[in-house]
> 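Structure below; questions to follow.
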Amino acid sequence: MPELPEVETTRRGIAPHIVGEKVAKLVVRNDRLRWPIPKDLASTIKGEQLRSLTRRGKYLLLEFDAGYVLWHLGMSGSLRVLPPGQQASVQTHEHVDLCMANGVVLRFHDPRRFGAVLWASHPVFEHDLLSHLGPEPLSEDFDWQYLYQKSRKRKQPIKTFVMDSKVVVGVGNIYANEALFAAGIRPTKPAGKLTKAQAEILVEEIKKVLARAIEQGGTTLKDFIGGDGKPGYFAQQLNVYGRGNEPCVNCQKPLKEIRMGNRTTVYCSQCQS
DNA sequence: AGTATCTCCTGCGTGC
DNA sequence: TGCACGCAGGAGATAC
C-alpha cells in the first residue's frame, strides 16, 4: 500500500530509466481506474520527451513540454521497469504500459484500481487535485509553527488532522499511528489542544518516520514492488501499527486498537496522552 | 468552514 | 471445498 515513502522510492527507482526518453506509445489495457484514463492521453504524449519525474504528495508528476501526466498509485498500485528486450508477459491487473523509445517499459499494476493516470496542462500545481495540497512533510515549510497555527481551534482528532492532505501531504495511516506513538500523543486528542511542545515533537517524529522509511526503500507490505521490480525490502520496525493488544514496546501494557474515521488506530493508553 | 461519513475496488483471512 | 462476509486503505465527493 503505497505511502509517501513507497512513492518516493518508486520515483527514484524508475527515474533513471525513463527521464530524457521519448514516449514510443502508451498502452492502456484497462482505463477504468479511480477516474477513467483520458481517451486522448496516448496521442497527447506520443513522441514527447519526458523532461522530469517529480512527486507532489503521493502523486508522481511526469513532465512533458505540453503538460504533465499525474500518476497516483492509489492503495495497491505499483510501477516497475521492464528493461529493453525483456518481454515479460502481461499479468492480470497490469493495466497500463508506458513504452519509451529506448525500449524500456514502465508497467502499472493495480489490483484495486484506486490509482489514477491523468493529464494536467500548465501550470500543473493549479490542477484541481494539487491546488489544495498542504506542504510536503519533509520540507522546511512543514514546521511546528505551521502545525501549531493550523491546528488552533480545531476539534478534529490530531490523527485525522495530520492525515488530511490539506494540512500536510503524505502522512498515511501507518505513519500517522507511528508518529503519534513516537511523540507520545494520543490519536484522539483534539488538534486544537496540542501544546507548542507537542506540535514540535510531532512534526519532528513525522519527518523522522518518513525519512527513515524512504532511506530503507519502502515497506515490507506485501504488494509493494520496487521500481527495479524487486520486492520492497523495507524492514522498519513498526511499534504500534498492526500490533493491537500486543504489549507496548515501552511499558508492556497491551496496545489499544480503535477505529477512527474508518481507519484502524493503535496506541498506548499509558505512553500517549 | 469544519467535520464526519461514504465511496471506489479486489484479495485475503476468517468462520461456518 | 466452498461460500459469505469483513476488512484493508488514499483521498475525493458528499452530507450535515
Side-chain angles (χ1 to χ4, degrees), chain A residues 1-11 29-37 55-61 70-79 91-96 108-118 120 125-137 147 149-179 187-194 206 209-210 213 218-225 231-232 234 238 240-245 257-266:
Chain A
M1 328 286 171
E3 291 226 25
L4 184 140
E6 288 84 351
V7 179
E8 178 61 19
T9 299
T10 297
R11 189 191 69 77
R29 284 178 287 271
N30 184 353
D31 68 357
R32 293 174 307 143
L33 302 182
R34 174 159 193 181
W35 297 283
I37 297 175
R55 179 185 59 74
R56 179 73 176 98
K58 293 174 185 169
Y59 290 92
L60 290 169
L61 309 181
L70 305 187
W71 207 316
H72 198 294
L73 303 182
M75 299 186 27
S76 60
S78 62
L79 285 166
Q91 307 292 310
T92 184
H93 305 309
E94 293 186 333
H95 308 308
V96 181
F108 182 54
H109 176 259
D110 186 10
R112 295 177 202 171
R113 291 194 277 118
F114 278 20
V117 184
L118 297 169
F125 293 120
E126 289 182 16
H127 189 276
D128 284 349
L129 294 175
L130 305 181
S131 61
H132 68 279
L133 294 180
E136 288 287 325
L147 188 72
Q149 288 302 330
K150 191 89 176 169
S151 61
R152 291 310 86 187
K153 298 184 179 172
R154 299 289 290 267
K155 296 172 183 167
Q156 196 182 9
I158 187 60
K159 179 174 181 248
T160 54
F161 186 73
V162 297
M163 288 178 68
D164 182 346
S165 62
K166 292 188 287 299
V167 174
V168 57
V169 298
V171 182
N173 193 41
I174 295 173
Y175 298 116
N177 278 301
E178 293 298 321
T188 51
K189 189 182 184 80
K193 294 280 178 63
L194 243 65
I206 287 171
V209 71
L210 292 175
T219 68
T220 50
L221 291 172
K222 53 184 175 295
D223 51 9
F224 175 67
I225 296 183
F234 177 38
L238 298 176
V240 286
Y241 183 79
R243 296 194 63 242
N245 295 319
E257 181 165 316
I258 61 173
R259 304 283 296 176
M260 287 180 66
N262 236 9
R263 290 290 175 270
T264 300
T265 303
V266 189

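Each chain gets a letter, A, B and so on, in the order the sequences are listed, and its residues count up from 1.
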> In terms of the nearest nucleotide of DNA chain C, which residue is placed more toward the 5' end: A:R259 or A:V171?
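Checking each residue's closest nucleotide, the 5'-ward one belongs to A:R259.
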> Would you say the side chain of A:H72 lies within less than 4.5 Å of the side chain of A:L33, judging by non-hydrogen atoms?
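With C-beta onward as the side chain, the pair stays apart.
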> Would you mind classifying the nucleic acid contact of A:T160 as base, sugar-phosphate or nothing, using non-hydrogen atoms under 4.0 angstrom?
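No contact at all - A:T160 keeps every heavy atom at 4.0 Å or more from the nucleic acid.
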> Quick check: do A:V117 and A:D31 have side-chain heavy atoms less than 4.5 Å from each other?
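No, every pair of side-chain atoms sits at 4.5 Å or beyond.
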> Hey, does A:Y59 reach any base, or is it just sugar-phosphate, or nothing, if we go heavy atoms under 4.0 Å?
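Sugar-phosphate contact only.
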> Taking ring pair (Phe, Tyr, Trp, His ring centres under 6.0 Å) as the test, write out the residues that go with A:H95, two or more places apart.
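Here no residue qualifies.
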> Can you tell which of B:dT3, B:dC9, B:dA4 lies closest to the side chain of A:R154?
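Of the options given, the side chain of A:R154 lies nearest B:dT3.
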> In whole Å, I'd like the distance from the CZ atom of A:F108 to the P atom of B:dC9.
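Going from CZ in A:F108 over to P in B:dC9 covers 15 Å.
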> Without decimals, in angstroms, what is the distance between A:L118 CG and B:dC8 P?
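Nearest whole value for this atom pair: 19 Å.
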> Which whole-number value in Å describes the distance from A:M260 CE to C:dA8 P?
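It works out to 14 Å between those atoms.
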> Given B:dG2, is OP1 or OP2 found less than 4.0 Å from the side-chain N or O atoms of A:Q156?
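The answer is no; no side-chain N or O of A:Q156 sits under 4.0 Å from OP1 or OP2.
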> With side-chain contact (heavy atoms from CB on, under 4.5 Å) as the criterion, how do A:L70 and A:R56 come out once you've worked through the C-alpha distance, each side chain's angles and the decisive distance to 0.1 Å?
CA-CA 10 Å; A:L70 305 187; A:R56 179 73 176 98; over 6 Å; no
> Given C:dA11, B:dC9, B:dT3, which nucleotide is nearest the side-chain atoms of A:K155?
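The closest nucleotide is B:dT3.
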> For A:D110 and B:dG11, what is the distance between atoms CG and P respectively, to the nearest whole Å?
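It works out to 11 Å between those atoms.
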> Check whether the side chains of A:R259 and A:T265 place a donor and an acceptor atom closer than 3.5 Å, and report yes or no.
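Not at all, the side chains of A:R259 and A:T265 share no donor-acceptor pair under 3.5 Å.
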> Please examine the side chains of A:M260 and A:T188, heavy atoms only from C-beta on, and report whether any two atoms are closer than 4.5 Å.
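In short, these two side chains touch, coming nearer than 4.5 Å.
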> Between A:R32 and A:G261, who's closer to the 5' end of DNA chain B by nearest nucleotide?
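Result of the comparison: A:G261.
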> Looking at B:dG2, B:dT10, C:dG10, which one has an atom nearest to any side-chain atom of A:H93?
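The closest nucleotide is B:dT10.
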> Is A:S76 near enough to B:dC9 that one of its side-chain N or O atoms lies under 4.0 angstrom from OP1 or OP2?
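No.
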> Send over the distance from A:I37 CD1 to B:dC8 P, rounded to a whole Å.
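These atoms are roughly 19 Å apart.
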> Quick check for you: among C:dA8, C:dG10, C:dG12, whose closest atom lies nearest to any side-chain atom of A:S165?
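When the side chain of A:S165 is considered, C:dG12 is the closest of C:dA8, C:dG10, C:dG12.
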> I need the CG-C1' distance between A:L33 and B:dT10, as an integer number of Å.
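Rounded to whole Å, this separation is 13 Å.
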> Which part of the nucleic acid, if any, lies within contact of A:R113, taking any heavy atom under 4.0 Å across all strands shown: a base, the sugar-phosphate backbone alone, or nothing?
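Result for A:R113 = sugar-phosphate.
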> Under 3.5 Å, is there an N or O donor on one side and an acceptor on the other linking the side chain of A:R263 and the base of C:dG10?
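Flag set: donor-acceptor pair detected.
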> OP1, OP2 of C:dA11 versus side-chain N and O of A:H72: anything below 4.0 Å?
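The answer is yes; a side-chain N or O of A:H72 sits under 4.0 Å from OP1 or OP2.
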> Let me know the distance between CH2 of A:W71 and C1' of C:dG10, rounded to the nearest Å.
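Rounded to whole Å, this separation is 18 Å.
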> In this structure, how many angstroms lie between the C1' atom of C:dA11 and the CZ atom of A:F114, rounded?
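One finds 10 Å between C1' of C:dA11 and CZ of A:F114, rounded.
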> Measure from the side-chain heavy atoms of A:N173 and tell me the nearest of B:dT7, C:dA8, C:dG10.
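The answer is C:dG10, which lies nearest to the side chain.
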